[in-house]
J.: 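Have a look at this one before I ask anything.
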Amino acid sequence: MSGLFDDAARRLRSNPGALCAMFIILSMVALTLIGPWFNPNGGEALDWSHVASQPALQSAHWFGTDRLGRDLFARTLQGTRVSLAVGLVASAVSLLVGIGYGGVAGYVGGRTDHVMMRIIEILSGLPLIFFVIFLTVIFGRNEYLLFLSIGAVGWLTMARIVRGQTLSIRQREFIEAAVASGAGTARIIAKHVIPNVIGPVIVYATLTVPQIIMFESFLSFLGLGIQEPRASLGTLIAEGAGEMEAAPWILLVPGGFLAVLLLCLNIFGDGLRDALDVKER
Amino acid sequence: MTPLLSIEEVSVSFSQHKRSIAAVRQVSLAVAARECVGIVGESGSGKTQVFMAVMGLLAANARADGSVRFEGHDILATAPEHLNRVRGSKLTMIFQDPMTSLTPHLKIGTQLAEVLVCHAGKSWSEARIAARRMLERVRVPEPIRRLNQYPHELSGGLRQRVMIGMSLLCDPMLVIADEPTTALDVTVQAQIIELLRAMREEVGTALVLISHDLAVVAGLADRILVMYAGRIVESATAVELFRHAQHPYTAELLKCIPSLSSPRLERLPTLAGQPPQPGDSLPGCMFAPRCSRAAERCRVERPLLAPTVGIARHVACHYPLPP
Amino acid sequence: MNAVISVSNPLLRITDLRVDFGSHTALRDVSFDLFAGETLGLVGESGSGKSTLARAILRLVRSSHGSVVWRGRDLLSCDSRELRALRRDLQIVFQDPLASLNPRMTVGEAIAEPLCIFEGALNARERTGRVAAMLERVGLTAHMISRFPHEFSGGQCQRIGIARAMILSPKLLVCDEPVSSLDVSIQGQIVNLLLDLQRDVGTAMIFISHNLAVVRHLSHRILVMYAGRLVEIAPRDALFAAPIHPYSRALLAAVPSPTPVSRTVQASAAPVEASSSQPVTTGCAFRGRCAYAVAVCAITIPPLEEMTPGHWAACHRGRELPASGLGTFRGC
């Protein structure tokens, strides 16, 4: 195990693109956390003297304000924080559920696997967007519900990936060798299956984060996600889209943040995949 | 007389993780018309890569240098579209695993006929008749039924027969067979060797037979080249080579082959040490670390392929075994 | 090689073993005994059920019928706890040395695994010591202990596989084509290593190979398989001097000889080869390729009979065929 990660870290370090992306992501996370300390403007305070003012470093509002006079810098940081949180939490939910469900289906196999996979097929047959709208209509708009509903659907693919990996690992000869050595099921799963499954799973999880952020933004853009006065990058973009002609920065600032974040997450995920891929050696 | 195929100073290297790994180092050889040349070497000796370079089938990260002349034309410098006309008709290749070179979703008959339609410009109906005749020639039982079967419906031996037939469809000048019997069982292997021998007598094409197994090559080749770590270390006629190997590696290899005709031993004869890994490089002879005859000179000075007794006899060794 | 073989009590007695994969029967009516210290060679072509037999003996595949009695205990009816305990004495070496090693485990961890399972009382230092000693024993060096399998050549990986199998000094070692994927120059090293370890430990061995010339060097008795059945069981010298079953004869005749002189001697064989998926449901499975087949071969399955003392063959015409090992045969 340790060897796996040492090796991966070494390969990751030799990939400047992924390192750069990781650095940018970490800076953005740091900015969302400590940024508010340096910004005198709160995200919800209305500054009637500056309504939809342009970005300027000399003024009080570095990134300008929106049409209600709220500081765009503070709003964007808050939105980024929410978007990242949604992405991470929902990915973690899907990772946990997916590993558990997929691992059991793949390792136990047979009829159990058959039934569990049919359930996944039925669930993935439901259109996600209607599912979310449905939940929103029933339970009202709620951030936690958003986490839950995205995570609840995100694990489907994760479970499929984990199951596929487990199945293929199970057929590998070294598993047979371990059985022949007298290893019990628990030992085989812990020492032989998981270390070989974990690489692709981590990679997929990394690539899930931007997908979920994108999806959350999409839902928020449609007005189904985060609610005013709270903001996510999606709601900010939706807001900005309305003012695009008069005050383009209201769209461009959160849009730029989202684009950079997604790009970096994807590049980092790709780098991680290359680093963890043993086949290439 | 100009040889049919002449390979001069061909090197093949693979770039991997920004490193260049040499697989073949300055190999020169020639194949005359109607000749059967055996190429023998262990895995990683570069024996296959030489001919992959000849066929223009090297992997994307590979680089081939040197000159390969087929019927006098340099084919390493030829544009791929010209090469395609030569490759598959005048110059064909048979692979170790016929399943990977036959298309799984096309019937045998279609695949065979396609070769003739593409390369010889025949009509489909003519081509199918020729395909049936070819299956008869390579002694495939029930050829008409086979034409309508898919590759997976045939046994390994039959698939290899089909591949041999396919390689002979356009009356090639040279067939390169890369480990044609390695994936097959002993009894089937004997038959495929027999078929290759018969085909050579009937058709008269030149044949390059690549194998890790000296015993397989022994029965077919006129001349045998032994490769080690990307270089040819010995070249001799088959009879000469088996009667008296001059390179210590060849001699040791011959000793290692378990045989039913030799007396049973308590321990098998072995060749000490590990075969060199691709990319390994030594200033002197690559075999020196495993060689019992190696002297200081072998470790510092690379032996070149030098002619010894007889015309067709070359050995790359400072201290070849005396006759 | 000259271990005293106890004739009275077999170490392993296999009776009527049968393995089905869905509707395909990979192995049927397999019965034989293995004695302590003995080496059995198992030969046959690919798909003949050799590897399935190896795995069925170790209960790595499910057998549908029969018994595998290991020192008086039927492995097929053990519960999984008891079976795991018995695995200490039953080890296997696989054909593909790299595939049989976990790519995420260091060589040291792989070799130590049986120790971790069966000798939990050892502390980490003792374990490392045992592993290092074993590495040296199989011809590697102790400093390789923390490397990963992909850093080794095929022959070295096979040494690692052998070290893992032998570290607990098992009483039975099953070798499933351990040298088939290795270069000729390495094969001898591995076979000699197995012989040395066997001599030191007194392990009984089942050695599977398609290479008769290799099997001849290390087996006391040889089993020949064809289409999921044993067709011949014979002491080594008897098999090579006078094979009875036509398939064994064909196998012997087909071994290529490493000399160019033999090219004129080889008979030209007429190809009669069945499609890969053509099941033979009645009679002798080999009859389609057999030059000696008669009417009865198509009707009843020949039982394995003792033709001469200790030499068994499953052929209706086993007693009447000419004695020579190199009779003409048709087929592949």
J.: Establish, yes or no, whether the cationic atom of A:Arg170 lies under 6.0 Å from the six-membered ring centre of A:Tyr107 and within 45° of the ring axis.
T.: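 Ring-cation test returns yes.
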J.: Any chance you could lay out the salt bridge (charged side-chain N to carboxylate O under 4.0 Å, His left out) test for C:Glu113 and A:Lys191, step after step, and finish with the verdict?
T.: CA-CA 10 Å; C:Glu113 182 156 50; A:Lys191 293 267 177 184; over 6 Å; no
J.: Taking C:Arg127 first and then C:Glu119, would you say they form a salt bridge - that is, a charged N and a carboxylate O separated by under 4.0 Å?
T.: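 Result for this pair is no, no salt bridge flagged.
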J.: Consider only side-chain N and O atoms of A:Ser232 and A:Glu216, and report whether a donor and an acceptor are under 3.5 Å apart.
T.: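 Note: A:Ser232 and A:Glu216 side chains meet the donor-acceptor criterion.
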J.: If you check every heavy atom in residues 16-25 of chain A against those of chain C, which residues fall under 4.5 Å?
T.: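 Contacts with chain C: none.
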J.: Are side-chain N/O atoms of C:Glu177 and C:Ser51 paired as donor and acceptor at under 3.5 Å?
T.: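 No, C:Ser51 and C:Glu177 have no side-chain donor paired with an acceptor closer than 3.5 Å.
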J.: Which is it for C:Asp20 and C:Thr25 under the side chain to side chain donor-acceptor pair (under 3.5 Å) test, yes or no, and what are the steps along the way?
T.: CA-CA 4 Å; C:Asp20 295 287; C:Thr25 303; 2.7 Å; yes
J.: As an exercise: rank C:Gln91, C:Arg59, C:Arg87 by heavy-atom pairs under 4.5 Å with chain A and give me the winner.
T.: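 The candidate making the most pairs under 4.5 Å is C:Arg87.
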J.: Evaluate the salt bridge (charged side-chain N to carboxylate O under 4.0 Å, His left out) criterion for residues C:Lys50 and C:Asp176: first the C-alpha distance (whole Å), next the side-chain angles of each, then the deciding distance (0.1 Å), finally the verdict.
T.: CA-CA 8 Å; C:Lys50 301 180 304 243; C:Asp176 184 11; over 6 Å; no
J.: Count the heavy-atom pairs under 4.5 Å between each of C:Arg55, C:Arg88, C:Arg164 and chain A, then report the option with the highest count.
T.: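 Result: the option with the highest number of such pairs is C:Arg55.
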J.: Test C:Ser100 against A:Arg172 for side chain to side chain donor-acceptor pair (under 3.5 Å), laying out the working first.
T.: CA-CA 8 Å; C:Ser100 63; A:Arg172 299 271 292 275; over 6 Å; no
J.: What part of C:Ile92 is in contact with chain A, defined as an atom under 4.5 angstrom from a non-hydrogen atom: side chain, backbone, both or neither?
T.: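 Just the side chain, heavy atoms under 4.5 Å.
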J.: How about C:His143: does its NE2 atom have over 12 heavy atoms from other parts shown lying under 6.0 Å from it?
T.: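 More than 12 heavy atoms, drawn from other residues, nucleotides or ligands, come within 6.0 Å of this atom.
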J.: Residues of residues 175-186 of chain A under 4.5 Å from chain C (heavy atom pairs)?
T.: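 Hits under 4.5 Å: A:Glu176, A:Ala177, A:Ala178, A:Val179, A:Ala180, A:Ser181, A:Gly182, A:Ala183, A:Gly184.
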J.: Minimum heavy-atom separation for C:Gly155 and C:Leu182, please, with both atom names.
T.: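 C:Gly155 and C:Leu182 have their closest heavy atoms at N-CD2, 3.7 Å.
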J.: Between C:Leu83 and chain A, which part of the residue has a heavy atom less than 4.5 Å away: side chain, backbone, both or neither?
T.: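 Neither the backbone nor the side chain of C:Leu83 comes within 4.5 Å of chain A.
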J.: Using the six-membered ring of C:Phe152, assess whether NZ or CZ of C:Arg147 lies under 6.0 Å from its centre and within 45 degrees of the ring axis.
T.: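 Judged by the rule, C:Arg147 and C:Phe152 form a cation-pi pair.
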